[in-house]
J.: 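One structure, pasted below without further comment.
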Protein chains: 2
Amino acid sequence: MQGYDPSAFPPFAVTVDLAVFTVRAMRLHVLLVERGQDPHQGRWALPGGFLLPHEAAEQAARRELAEETGLSCDTTEGLHLEQLRTYSDPDRDPRMRVVSVAFTALVPDLPEPRGGGDAARARWTPRDEASPLAFDHDRILADAHERIGAKLEYTCLATAFCPAAFTLGELRQVYETVWGVALDRPNFRRKVLATPGFVEPVAGGPRRTGARGKPAALYTAGPARSLHPPLLRPEGRPR
Amino acid sequence: MQGYDPSAFPPFAVTVDLAVFTVRAMRLHVLLVERGQDPHQGRWALPGGFLLPHEAAEQAARRELAEETGLSCDTTEGLHLEQLRTYSDPDRDPRMRVVSVAFTALVPDLPEPRGGGDAARARWTPRDEASPLAFDHDRILADAHERIGAKLEYTCLATAFCPAAFTLGELRQVYETVWGVALDRPNFRRKVLATPGFVEPVAGGPRRTGARGKPAALYTAGPARSLHPPLLRPEGRPR
DNA sequence: GTAATAGTGTCTATGAGACATTATACC
DNA sequence: GGTATAATGTCTCATAGACACTATTAC
């Protein structure tokens, strides 16, 4: 990036798009908004919006996340938000040149969005019922899904899908839901507990989850951020 | 990304920045250019430049790669190029609002760059002698280095640093150079050969490498793109 | 009792780390 | 010969996968 005439640069619009995932009822859900304006009006799309003039992409993404989920900025402060990649195909928006920085967010099961911001409507949609989306958002969603699946393998990110206190069964369901596979319960338990700092036991007594079976002990997310060695998907598929 | 007035969007300049790595003489090198113009004139920086009006970021990155390395477009066609992330801090360029999409490229040992394009000079610099760079390029370089180190673990990317035919000793040196650690030779060999499609033997006879020791057999990159199970760094450090 | 989930224990196969040994080149 | 690297083999330990078994709840 050297040698340029600032008055002669080609102008672009820069936006952020968000793939916000949650696990509810054993299914992976993604937050979608119904478009109220012209390009692709009435179709569903990932939430997002323009960068403000003095705003970094991360800030814009966090602002949009708060607007679209209807949560306070304090609540969204602690949510996991991560840059995915940037989409810059010249034809991705029919009206103008728009470069979009995509982000992935992982949230615990939240109340239905209140449709804030400038979106006509917003709702949680099962990931496999999301397509087709407006613009290139099918592609962004696929990339985001693949990314979170891969990150579950070598990070402690799965706890971001869980409430503050959770059972190992709930944590295992996160893996099973995102990966779409069944995991061996005893082996999963052993692996998680053998990783220092992944989860930490809660002093209080156990609670029942589905009102069936033995009550499970509660855990909270530990200080660790990565898994060594990783917890690989069964039949680890190539990227 | 919904609901906007195309005439009212805040304008941004969009650039690409490249972290081009190679391994030469057992050290990791990165391609740098000396800035010829005003912001940070005379300082070293990562190569890069503006997106053309109808160009995707990937195209712009490949074009800049060809210009800066002085290679033909045919040659750069097959080189590994991968989007790293986007840097959008409002103050990252002192003159205007510039959003930069950073890419990482891995190339075999190439001839000294001819300083093409609009860069005053270009040269290969040992990675640990690169700082300080202009703008936020120290940060970009650090992110890129961490990324390629991580990708060596679970992809077959190391062959991108090697010429068409290479010895297992040369491949091992790639890992040792990028990771900055020494690896056990027999175990490395066993691991690589046990991964189907990572490398494939060359029919022709062996060749000598450093004119010392037993001549090594030659291999070419195989069709595999990922490593299962991964080849983890010793004392795998957390991200 | 049955059903369902939590939690413990055990066996085995695989893979990685450590390291000894042999082979083949140049000096 | 000495040195340096390639290539093969061996041993051990850690881990993952499979799966049996017990524990505790709701019905």
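Below, read A as the first sequence line, B as the second, and so on, with proteins coming before strands; counting in each chain starts at 1.
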J.: Once side chain to side chain donor-acceptor pair (under 3.5 Å) is applied, do any residues pair with Thr86(B), and if so which ones, sequence neighbours excluded?
T.: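 Here the qualifying residues are Thr86(A).
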J.: Atom CG of Leu183(B) to atom P of dA16(C): distance rounded to whole Å?
T.: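 It works out to 12 Å between those atoms.
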J.: Starting at CD of Glu170(B) and ending at P of dT5(D), how long is that distance when rounded to a whole Å?
T.: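 Distance check: Glu170(B) CD to dT5(D) P gives 13 Å.
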J.: Arg185(B) CZ to dA16(C) P: how many Å, rounded?
T.: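 Rounding to the nearest Å, CZ of Arg185(B) and P of dA16(C) are 19 Å apart.
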J.: State which residues pass side-chain contact (heavy atoms from CB on, under 4.5 Å) with Glu200(A); sequence neighbours excluded, sorted by chain then number.
T.: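 By the side-chain contact (heavy atoms from CB on, under 4.5 Å) rule, Glu200(A) matches Thr220(A), Pro223(A).
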J.: Quickly work out the His228(A) NE2 to dA16(C) P distance and round it to whole Å.
T.: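 Taking atom P of dA16(C) as the reference, NE2 of His228(A) is at 16 Å.
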J.: In whole angstrom, what separates Glu153(B)'s CD from dG15(C)'s C1'?
T.: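 Taking atom C1' of dG15(C) as the reference, CD of Glu153(B) is at 16 Å.
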J.: For dC27(D), take OP1 and OP2 only and decide whether either is under 4.0 Å from a side-chain N or O of Arg212(A).
T.: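 Checking Arg212(A) against dC27(D): no side-chain N or O falls below 4.0 Å of OP1 or OP2.
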J.: Roughly how many Å is it from CZ in Phe188(B) to C1' in dT5(D), rounded to a whole number?
T.: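 It works out to 15 Å between those atoms.
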J.: Quick one: what's the B/S/- string for nucleotides 11-24 of chain D, heavy-atom cutoff under 4.0 Å, read 5' to 3'?
T.: -----BBBBB--BB
J.: Say whether Tyr87(B) and Asp143(B), considering side chains only, have a donor N or O and an acceptor N or O under 3.5 Å apart.
T.: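 Yes, Asp143(B) and Tyr87(B) have a side-chain donor paired with an acceptor closer than 3.5 Å.
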J.: Quick one: side chain to side chain donor-acceptor pair (under 3.5 Å) partners of Arg172(A), sequence neighbours excluded?
T.: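 Counting only residues at least two positions away or on another chain, Arg172(A) forms a side chain to side chain donor-acceptor pair (under 3.5 Å) with Glu176(A).
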J.: Distance check needed: dT8(D) C1' versus Leu193(B) CG, whole Å only.
T.: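 Result: 11 Å.
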J.: With side chain to side chain donor-acceptor pair (under 3.5 Å) as the rule and sequence neighbours excluded, what pairs involving residues 21-30 of chain A come up?
T.: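 Every pair satisfying side chain to side chain donor-acceptor pair (under 3.5 Å) with a residue in residues 21-30 of chain A: Arg24(A)-Asp109(A), Arg24(A)-Glu112(A), Arg27(A)-Asp128(A), Arg27(A)-Glu129(A).
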J.: Distance criterion of 3.5 Å, no angle test: do you see the side chain of Arg189(A) paired donor-to-acceptor with the base of dA6(C)?
T.: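 By the distance-only test, no, there is no pair.
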J.: Mind checking ring-ring contact (aromatic ring centres under 6.0 Å, His included) for Phe188(B) and listing every partner two or more places apart, or none if nothing turns up?
T.: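 So Phe188(B) forms a ring-ring contact (aromatic ring centres under 6.0 Å, His included) with Tyr175(B).
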